[in-house]
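Just below is one structure, and these are the notes that go with it.
Reminder, nothing fancy here: chain letters follow the sequence lines and each chain counts from 1. When reading the values below, keep in mind they use all heavy atoms of this one structure, side chains included, and skip hydrogens, waters and symmetry mates.
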There are 2 protein chains.
Amino acid sequence: MTRRPTLKTIADRVGVTVSAASLALRDDPRISTATRSRIQEAAEAVGYVYNRHAAGLRRGDSGTVAVCLNDLSNPFFTEFLGHMETRFREAGRMMLFCHAHETPSIQARFIRQMAEHGAAGLILVPVAGTSREDLDGPRVRHLQDFPLVLISRDVADTAFDRVINDDEHGVRLLFDHLHALGHRRFAWLGGGGDTSTAHDRERSFRREMDAAGLPVDETTIHHGPTSLAFGDRMLDELMALPTPPTAIVCFSDVIAFGVLAACYRRGLRPGIDLSVTGFDDMGAAAYSAPALTSVRVRTDLIGNRASELLLARIAGDRQPAVREMMPPELVVRETTGPPPEDSERPSRG
Amino acid sequence: MTRRPTLKTIADRVGVTVSAASLALRDDPRISTATRSRIQEAAEAVGYVYNRHAAGLRRGDSGTVAVCLNDLSNPFFTEFLGHMETRFREAGRMMLFCHAHETPSIQARFIRQMAEHGAAGLILVPVAGTSREDLDGPRVRHLQDFPLVLISRDVADTAFDRVINDDEHGVRLLFDHLHALGHRRFAWLGGGGDTSTAHDRERSFRREMDAAGLPVDETTIHHGPTSLAFGDRMLDELMALPTPPTAIVCFSDVIAFGVLAACYRRGLRPGIDLSVTGFDDMGAAAYSAPALTSVRVRTDLIGNRASELLLARIAGDRQPAVREMMPPELVVRETTGPPPEDSERPSRG
DNA sequence: TTACGTAATTCAATCGATTGAACCAATGCG
DNA sequence: CGCATTGGTTCAATCGATTGAATTACGTAA
């Protein structure tokens, strides 16, 4: 097993110096066309592979960018990943990737490691509970003056770029839709973690209830993980209430899908016997049975804008940190409809 | 903006040499406990961040591993990603990630780039159409003697490690189940690309049909992308046939979900009016309405084993390449049942 | 006191690519 | 013919960490 060829291998072969080889392979005009092509041919011939460790050491940029997601099992987040990956690939940068499993220690470790690797920037969906200190504090000095863009979830009081969805508006769209259909008894499912999305969406939900003059029945508010199982499990609980809700507003599509599964099992017809809404409008929402009414979070806009912003920062953009909110869109499908006729009569009445 | 601290920064501060600092931070016994802790404190104090470019240049291993997936939109593949990410994280390695979008040129470019970055190994779900030459040929010498493990999809005639699912057996399980229920008219949906999974599953399907003495009606065989839309679209086409199938065998859960959506729209009851099967048994299969009968592909076993194998290769294991097949499991849920009573009468008869 | 062993630390070369400055040769111009 | 210019290439220092060999300091045995 011979050693991997280097610029020296090429230079010796052609009869020039390492410098010439270096310049030639990067199409520097200082090297004549003739020698340049001889060098390039030699590189090809010996199977030369550029060594970014060496280059990165000298130049300071490794050509990588880091991305840390809180949860891979939720397709919503992989949508982001897809958009960003494309953007970075086009920019010629590789992606260091981490799945933080909603675990602060994993996130913290990754942030350190990506700094060690010389990643030029970081895009982060902060795990639940991430605070200012985790990104900004004295123990994470590598993030000072470091290109970092938060997406999807905000972290209060930080001076980093953020690209997020307008969650409060999204909930308002859903609420208005359901309220206009005649619903008065609502349930709220999900949003268990300490994240801006959980807080913002629930706050907005409560505010809308309040604005509509509806009391919030705390027995219809259930926090829990963003999982199919949670939605599935909670429907039974809600239906067992003395006055079950006529509309279930879910923190996420994933939870709503779980609710739909439970509806099927109980013989409840979503959109007729009960209204169910999701949030995110991931690809699968249009194909559930029945198709899910949801709020589209523009993962494309957010992912692309975040990537752009990060690349600009890496390129040296020094403008003050921005906080951009992308507009959600209500997508009405089949799981919402007017409340059933007899819904005004509480079942115990 | 001061320059990032290096070993020299620390050394100067403590009053020792760079070598001492280097050794101390790696807990080398050559440095006394006293100075070692002074050095470690100084490192902490100045906010030192290890520079892997420099270390990697000298030592030759950057501590990264590369993973290239063909398709992120399919949760089946992100399941792999999750398992592998965990394994590599535990092994202290970072992950360079690529989404190849089923595009050979992206895959090829990534393979080159991860070599440039000094990734210690590569796990690859080869994009459709990947041939021996793409991995082994004279144009990709960086993969010679390089730790590479293929997962999920096989590539013929290669001498790389492979960890895949036993697809032929999986299809046999499904077919036997449906055949035992009484089905005789089958349709096959999906498997459009030039991949081993597409070939193996369809070949197995045809073989089973043959073994059962059933003719394969080519109008019930439809190749197409692994997407919800494809499954959704194809149901109408199959139902419009003079003698529609009573069982639809889908290449993937994703396609099956599309079929279920179309069933809902047409008022067909999966498992009663029509049997539908998936393949992969991704998490969502248990929560579709109705719950999907599928074949579980052990992404956990495959992902973990592939990671292990790769780490062993990186550690210097030189045994001949292996090809391991993980056993699939039939998971019977609600979308399969006996064919409807009148199904023996062709609708045109 | 001298020689010696050991512990602690330093020396110095190295990994491979980059780059501003220096060098050399050939050409152009006065 | 001599000097300046330009084009083409090389020189040599540099990035930061690593490591086998060398050195120093110190205590101990002869």
Nearest-angstrom distance from the residue atom CG of A:L7 to P of C:dC15: 14 Å

Contact under 4.0 Å: B:R52 side-chain N or O vs D:dG16 OP1/OP2: no

Side-chain N,O (A:S32) to OP1/OP2 (D:dG8) below 4.0 Å: no

Per A:L57 side chain, nearest of listed nucleotides C:dG16, C:dT18, D:dA17: C:dG16

Sugar-phosphate, base or nothing in reach of B:T6, heavy atoms under 4.0 Å: sugar-phosphate

For atom CG of A:D61 and atom P of D:dG16, their distance in whole Å: 14 Å

Distance-only polar pair, side chains of A:N70 and A:Q107, donor-acceptor under 3.5 Å: no

Integer-rounded Å distance: C:dT9 C1' and B:R30 CZ: 10 Å

Spacing of CG belonging to A:L148 relative to CG belonging to A:D145, to within rounding of 0.5 Å: 12.0 Å

A:R26 vs C:dT19: side-chain N/O to OP1/OP2 distance below 4.0 Å: yes

Residues B:R109 and B:S105: side-chain donor-acceptor under 3.5 angstrom: no

Gap between atoms NE2 and C1', on A:H117 and D:dA17 respectively (whole Å): 14 Å

DNA chain D: 5'-proximal contact among A:T17 and A:R58 (nearest heavy atom): A:T17

Selection from D:dT19, D:dT10, D:dT9 that lies nearest to any side-chain heavy atom of B:S19: D:dT19

Salt bridge (charged side-chain N to carboxylate O under 4.0 Å, His left out) evaluation trace for B:E324 with B:R298: CA-CA 12 Å; B:E324 296 188 8; B:R298 297 296 303 273; over 6 Å; no

Atom pair distance, as rounded to whole Å: OH in B:Y50 and P in D:dA17: 8 Å

Touch class at under 4.0 angstrom, heavy-atom based, for A:R59 against every strand present: sugar-phosphate

Of A:V49 and B:L23, the one whose closest DNA chain C nucleotide lies more 5': B:L23

Criterion side-chain contact (heavy atoms from CB on, under 4.5 Å) on A:F110 and A:L122, from CA distance to verdict: CA-CA 10 Å; A:F110 178 74; A:L122 168 64; 4.0 Å; yes

Touch class at under 4.0 angstrom, heavy-atom based, for A:V16 against every strand present: sugar-phosphate

Bend angle of the helix from C:dT1-D:dA30 to C:dG30-D:dC1, end axes from five pairs each (to 10°): 70°

Integer-rounded Å distance: D:dT18 P and B:I31 CD1: 13 Å

Rounded interatomic separation in angstrom, taking CG from A:D27 and C1' from C:dT18: 16 Å

Heavy-atom donor-acceptor pair, B:S37 side chain to B:T33 backbone, under 3.5 Å: yes

Polar contact flag, side-chain donor to acceptor under 3.5 angstrom, B:R13-B:T9: no

5'-most by nearest nucleotide on DNA chain D - A:T35 or B:Y48: A:T35

Geometric class of the A:H53/B:H53 ring pair [parallel <30°, tilted 30-60°, perpendicular >60°]: perpendicular

DNA chain C: 5'-proximal contact among A:V18 and B:R36 (nearest heavy atom): B:R36

Value in whole Å for how far the P atom of C:dC15 lies from NZ of A:K8: 10 Å

Candidates D:dT9, C:dA17, D:dT19 - which lies nearest the side chain of A:A54: C:dA17

